[in-house]
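Whatever order the structure lists ligands and atoms in, that order sets their numbers, starting from 1. Given the structure is predicted, the values throughout are model-derived calculations rather than measurements.
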Amino acid sequence: MLFRQLFDLESSTYTYLIADPNLQEAILVDPVLEQVERDRALLNQLGLTLRYCLETHVHADHITGTDRLRADTGCLGVVPERAHVSCADRHIKDGEILELGAITIQAIATPGHTDSHMAYLVGSDRLKLNRQTANVEPHLVLTGDALLIRGCGRTDFQSGNAGILYDSVTQRLFALPDETLVYPAHDYRGHTVSTIGEEKRWNPRFVGRDRQNFIEFMNALNLPDPKKMMEAVPANELCGRAVAIVNLSMV
Ligand code: FE2
C-alpha cells in the first residue's frame with residue numbers, strides 16, 4: 001500500500017493519499033480545494049489514477065477539493081451516510097467497505113463532532129473487521145475530527161454533541177487494537193501520527209474523564225467560529241462546487 005500524509009498550512013488539514021501500487025489507483029481522503037494542483041501533480045508523478053475522493057465529514061474550516069478533482073479526473077465523490085451532500089456519487093454506511101485493489105477502507109460511524117462523521121479503518125489485506133473481534137492485523141485509522149492527537153474535534157456546531165462524541169471515541173475508536181496507527185484530519189501542534197494505545201493513555205480530553213465530565217468540559221470551551229465556516233459548510237454540501245463557481249467569476 002502506498003500512503004502519503006499531506007498538509008494544508010492555512011487550515012491545518014491533513015489530506016491522505018492511499019493507493020494500490022499494483023493497480024496504480026488511488027483515493028484521496030479529505031482533499032482541500034486550495035491544494036488540488038499539489039494533489040494532482042503528486043498523482044501524476046506517482047503514475048496513479050484517482051478513483052475516489054472520500055470525506056470524513058462536512059467540514060467547516062476548509063472547502064473540499066472533491067468537485068474540482070472530480071471534474072479533472074472523473075473520480076467519484078464519497079461522503080458519509082446522512083451527510084447532506086446530494087451531489088455525492090456515493091454515500092458510505094457504518095461498516096461498509098470501500099475496496100481499492102488489495103486495500104480495504106471500512107467506515108466506522110463516529111458522530112459527535114458532526115452528526116454524520118465517519119472514521120475509516122484502512123488495511124492492506126482483505127481481512128474484514130468484525131466489530132466483535134479486535135483480533136485483526138494492525139491497521140491504520142483515519143480518525144477525522146473525532147479523535148485528534150492528544151485532542152478531539154469540537155462539538156458546538158453542525159449538530160455536534162459532546163456525549164455522542166465521547167461514546168464514539170471510547171466505544172468505537174478505543175475498541176480498535178492498541179497498535180492501530182491514528183491519523184487525524186487536523187493537527188495544530190506539529191504531531192503527525194499516534195496510536196490508539198497512546199491516545200487511550202495520554203489524550204487529556206479522555207484520560208480521567210467520565211462521560212458527564214467530558215460533556216461539561218466540551219460545553220465550556222467557548223471557541224470562536226472557524227474563519228471559513230459561513231462559506232465552507234454550504235460549499236461542502238455542494239461538494240465544493242459553489243465556491244469553484246464564485247472563484248471562476250472572480251478571475
Ligand atoms: Fe471538522
**Q.** the Fe ion (ligand 1) contact by His117, N, O or S atom under 2.8 Å
**A.** no
Q. Restricting to N, O or S atoms of Asp145, which is nearest to the Fe ion (ligand 1)?
A. OD2
**Q.** Any donor-acceptor N/O pair, Asp145 side chain to His113 backbone, under 3.5 Å
**A.** no
Q | Reference residue Thr180; test side chain to side chain contact (heavy atoms under 4.5 Å, CB included); the match among Thr143, Leu173, Val141, Thr195 | A | Val141
Q: Find, among atoms of His113 that are N, O or S, the one nearest to the Fe ion (ligand 1), and state its name.
A: NE2
Q | Sequence neighbours excluded, every pair satisfying side chain to side chain donor-acceptor pair (under 3.5 Å) that has a member inside residues 43-52 | A | Glu25-Arg51
Q) Do Asp115 and Arg82 sit within salt-bridge range, that is, some charged N less than 4.0 Å from a carboxylate O? A) no
